[in-house]
Structure formats: C-alpha cells, structure tokens
Amino acid sequence: MSSAPSPAPARRRRRRAIAFGAGIVAVGVVAAPLAASAHGHQPPGHPSTQDDTLRSLAASSGLRIGAAINTDKLGTDDAYTTIAADQFSTVSPENVMKWDTIEPTQGTYNFAPADKLVAFAQQNGQLVRGHTLVWHNQLPSWLTAEAASLSADQLRAILKKHIQTEVSHFKGKIWQWDVVNEAFNDDGTPRDDIWSQKLGDGYIADAFRWAHQADPKAKLFYNDYNIEYTGAKSDAVYAMVKKLQAQGVPIDGVGFQDHLDTQYGTPNLQETMQKFADLGLDTAVTEADVRTTLPVTAVEQTAQNSMWSQSLAACLLVKRCISFTIWGIDDGSSWVPSTFPGEGAALLWDDQYQPKAQFSVLQQTLELAAGAPHRTR
Ligand code: G3I
C-alpha cells in the first residue's frame, strides 16, 4: 500500500570529532566500546574510513535507527546537533508536529519548527517519522476549551481538517506517520478522551483514511506504550488492527513505544511484535528509553544494558521491524525526570553528551547482527 519516500541521496557525511571513548564504563553485558578496526563492512554512501556510528552499523542490517529531536537544540547546541546528524538515520519530532504546536490558534499554523527538522533530516540523509496526528495530549487550548460544546459532526470536521492540513503540508517528506497515538488504557478499554467520547471508535478508521488521502505514500502507524508486553492492552490493539484491516482501512504498521523501567523488567517485545508482523504489518520501536532510579547502581546499570540490548535485538529479529527510534539523545533533556521524579538516566548520552555504556551496548548489538546476511528490509 505504501512505500517509503526516497531518502535524500546518501551523502558522504563529514566525520566530526566526538570523544566517544570518554566516559564509557562497561558494566555487565558489554566489555568495551567497539574497536573501529572490528568493522569489515561499509554501507553504501558512507565514508571509507571506519564508521561505527549507530546509523552505519544499523544500515548493515537494513535497519533505520532514529532519535526524537528537540528542535530548539538543532543548530544552537553543537554537541547535540552533531550527535543528531551523525548517529541517526531517522528523526522524530519530540513535540513540534503535535497539534498544540502546529495550530496554536484555530486556523493559524506554525509549521516552522517542524519544517526545520524536515530540512535537517534532508541535509543529513535521514527519514522522518511524523509524530503525531491524533492524541489526547498536547492539544491546543482553543480545542480543549470548546470540545465539550461541539457536536460530533463539528469535532469530526475539525479533526479531518487538522489531519489533512498537516499531512498535506509535509506530503512526500514523511516516511512513517503516527496517525493515532495511545488510544487504549492498560486494561484494554478505549481511552476516555474527547475523541472516543464524541466520535466513538470510528475516529480511528477515519483518521487513517484522511491521512492516506493526503499522502498516499506515507506509511501509516498506530502507536502506543505498554503493548510491548503481552496482555490486555496488546490484545486490544491487535483486535483493533485486525478490524481495521478487515474494513480495508489503510494502516501500514504498529509502533511500540518501548518506554522501559528497570523495576518492571524486560517485555516480550519480539513475540508481541512478531504477532503484529504476521498480520502483514510493518512494526517499529518508536520511543525507546530505559529509565531507572537515581543514582544508578551497578545492578541497575546491568539491567539497563540488558534491556537496551534485548529491545534492539527484538527489532532485529522481527523482519518487519523497520526502524528503532530512541526517545531523545541525552539524559539532560529527557522527558523522564519531570514525569517520574527520582528516575532518569534513560538515554545513551549523559547530560554532558558523553556516550554511556548503553551506547556501546547498541553498537555491539548492531555489530553482531551485521553478521546475519539473510536480513533484508
Ligand atoms: O512549550 C512549553 C513552554 O512554552 C513552557 O514554557 C514549558 C513550561 O513547562 O512547557 C513547554 O511545554 C512542554 C513540552 O514538553 C515542550 O517542551 C510541556 O510542559 C511538557 O509536558 C511536554 O512534555 C512532552 C510530553 O510528551 C507531553 O506529554 C515531552 O517533551 C515528550 O517527550 C513527551 O513525548 C511523549 C510522546 O509524544 C508520546 N509517548 C509518550 C512520550 C513521553 O511522555
């Protein structure tokens, strides 16, 4: 149904000086940062010098690896910008494609921050995951203020206009769209938000149809958290997706956010993703991070390493898993500490942009996977 837009011609990326060796303390799973000399492969379009960036290593397995980007830091924070450009082959807007940013006042659009990200991606040979069109959160205040007084037809018309305007604006520039985000509760019941209250569950099919009309080539995803685990929520999303398929709704994939916490253990992500892939869908890890309580103990660090490795391996083992996106770059700008006080250390770089053991874990996992020549994506 869909195909990826052609990425910008792979450019020969300038290698910038980043002290990747510094600060890497290997605990548990990983012995040491990858030696550059370990790489006998060079993906097309990459420099002939040794390239142990995540994007280069992932390319060897046909996988896109991405990060959620804070566009305020692009071009203003050199270390952040360098990592974003060099390490990743897809980018996701952490916030700037959400409705409250895109249409802060009804009928007045603010595409500039997201356009900046799309331009950055094109300059760096990266694809873009659009995030997100329909969600209960980060809605503009004009909408939440008037929602209760709107009829179902009025709300449906507003949602249709939003989707068609935003998707049309970025037509041809978005690889995957998170069309609907987090529509279920953990017990598998529909989330009680303005969409389900006023429109019933039909808004989900409508959203996919409208997005497809506006950009027929974009891959359209349903995206959620905690569906990495088998259970009521994953079952509910599975049933919904099967129903959408039976109705001929243009859904291409399911995104597994993969926000993990060492205290809850490792999900059976591979098994769950494979179940969705067996429906003929693409899958993606869309928002990976692994938080823990602070300060991080050696045991927690070991658990984090293991959970990162298992998440990435799960994606590598499911052929229809087409991208692995990390929800941020550095611990200093992660969403975790403000949402879970006392927790953090969820990302691959620390707040000084020093790569952590988790970074080496992902390098090593990708390096091992590159020895599996049967993989094609
Ligand atoms: O933009 C305002 C700024 O004007 C204001 O001064 C400041 C004061 O707090 O707030 C700013 O907005 C914040 C926004 O991020 C942009 O920085 C919001 O308060 C804050 O709540 C918002 O958090 C985002 C969160 O979604 C909202 O739910 C996080 O950055 C973002 O990482 C997070 O991402 C979500 C995914 O979209 C969906 N899945 C879960 C994931 C984590 O919650």
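Please read all numbers here as calculations on a predicted model, not as lab measurements. Both counts, for ligands and for their atoms, begin at 1 and track the order of listing.
- Contact annotation for Asn70 and ligand 1: no heavy atom of the residue comes within less than 4.0 Å of the ligand.
- For Tyr229 against Gly265, the heavy-atom pair with the smallest separation is OH-O, 3.2 Å.
- Looking at atom 26 (O) of ligand 1, its nearest protein heavy atom turns out to be Lys98 NZ, 3.3 Å.
- Any N or O atom pair closer than 3.5 Å counts here, and Gln257 shares at least one such pair with ligand 1.
- For atom 33 (C) of ligand 1, the nearest protein heavy atom lies closer than 4.0 Å.
- Counting heavy atoms only, Asn95 comes closest to atom 23 (O) of ligand 1 of the residues Asn223, Asn95, Val336.
- Remark: ligand 1 atoms within the under-4.0 Å shell around heavy atoms of Asn181 are 38 (C).
- For atom 8 (C) of ligand 1, no protein heavy-atom neighbour is present inside the 4.0 Å cut-off.
- Considering backbone and side-chain atoms together, Trp327 places an N or O closer than 3.5 Å to an N or O of ligand 1.
- Backbone and side-chain nitrogen or oxygen atoms of Glu94 are examined, and one is located within less than 3.5 angstrom of a nitrogen or oxygen of ligand 1.
- Not a single heavy atom of Tyr225 sits under 4.0 Å from any atom of ligand 1.
- Protein heavy atom nearest atom 20 (C) of ligand 1, with residue, atom name and distance: Gln138 NE2, 5.0 Å.
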